[in-house]
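Take a look at the structure below.
For clarity, every value in this text was computed on a predicted model and none was experimentally measured. Below, chain A is the first sequence line, B the second, and so on; all start at residue 1.
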Amino acid sequence: DVKVTQSSRYLVKRTGEKVFLECVQDMDHENMFWYRQDPGLGLRLIYFSYDVKMKEKGDIPEGYSVSREKKERFSLILESASTNQTSMYLCASSGLEQYFGPGTRLTVT
Amino acid sequence: GNSVTQMEGPVTLSEEAFLTINCTYTATGYPSLFWYVQYPGEGLQLLLKATKADDKGSNKGFEATYRKETTSFHLEKGSVQVSDSAVYFCALSDGTDGYNKLIFGAGTRLAVHP
């Protein structure tokens, strides 16, 4: 069974803090993705990575960066969290299909 | 650019009712089409998929047929259960970028009452 795990289910951070969201997959997939999910907007792609140390911007990369030092791990970084980044963050990895983690609900106060 | 449009929710049904959730898409070429389901408090799970025109995807009593002529991929189930209450997302992948990127609709919340 493919497993995609995310480091936290719930997170509360203050405005201006640096935030790290971690994602790990155990299927040796090349491609990994970070999305944010907001009501009425569905899932929007923030960044994706197609190999170690390789990354591409998605549709809404502003305010975010990513890191992929190892194949199984893909981190999303909020350099200076803002209240408009309060959202559900979903990580996925992909072979022929995308497999999703359980999500991290981030609240920025 | 590519896009997916789903019917707005919430959809509220009684148990054993017939379900249809409409999904239409705009894409160049021949995308693959997917339905994902998100149960409360969980991530998304692939429900079914279709990779070419006239394909029918099916799983757990749900079905959807890839209709190229109407650019649609409507989700149907003949008799819903309370356990089907979830958010359903239609998505497409045009596959041309080699990365399997998905474009999602806004999601449709389904609530099934006993």
Applying a strict 4.5 Å limit to non-hydrogen atoms, the region of A:Q37 in contact with chain B is side chain
Honestly, the part of A:R44 sitting under 4.5 Å from a heavy atom of chain B is neither
Counting heavy-atom pairs under 4.5 Å with chain B, the top scorer among A:G103, A:G95, A:G40, A:P102 is A:P102
Would you check, one step at a time, whether the test side chain to side chain contact (heavy atoms under 4.5 Å, CB included) holds for B:L102 with A:F33? CA-CA 10 Å; B:L102 291 173; A:F33 307 81; over 6 Å; no
Okay, B:Q38 and chain A: the region with an atom under 4.5 Å from a heavy atom over there is side chain
In terms of heavy-atom contacts, does [atom1] of [X] have more than 12 from other residues, nucleotides or ligands at under 6.0 Å?
X	atom1	answer
B:Y30	OH	no
B:E15	CD	yes
B:E16	CD	no

Looking only at B:A106, B:A91, B:G105, B:G41, most heavy-atom pairs under 4.5 Å shared with chain A are made by B:A106
Heavy atoms, side chains only, cut-off 4.5 Å: are [X] and [Y] in contact?
X	Y	result
B:L46	A:Q98	no
A:F100	B:Q45	no
B:Y36	A:L43	no

Starting from [Y], can I reach [X] by hopping between I/L/V/M/F/W/Y residues whose side chains sit under 4.5 Å apart?
X	Y	result
B:F89	B:L110	no
B:V11	B:L48	yes
A:M27	A:V52	no
B:V112	B:Y39	yes
A:V24	A:Y99	no

Distance (rounded to the nearest 0.5 Å) between [X] [atom1] and [Y] [atom2]:
X	Y	atom1	atom2	result
A:Y35	B:K101	OH	NZ	9.0 Å
B:S93	A:E97	OG	CD	11.0 Å
B:E42	A:L90	CD	CG	11.5 Å

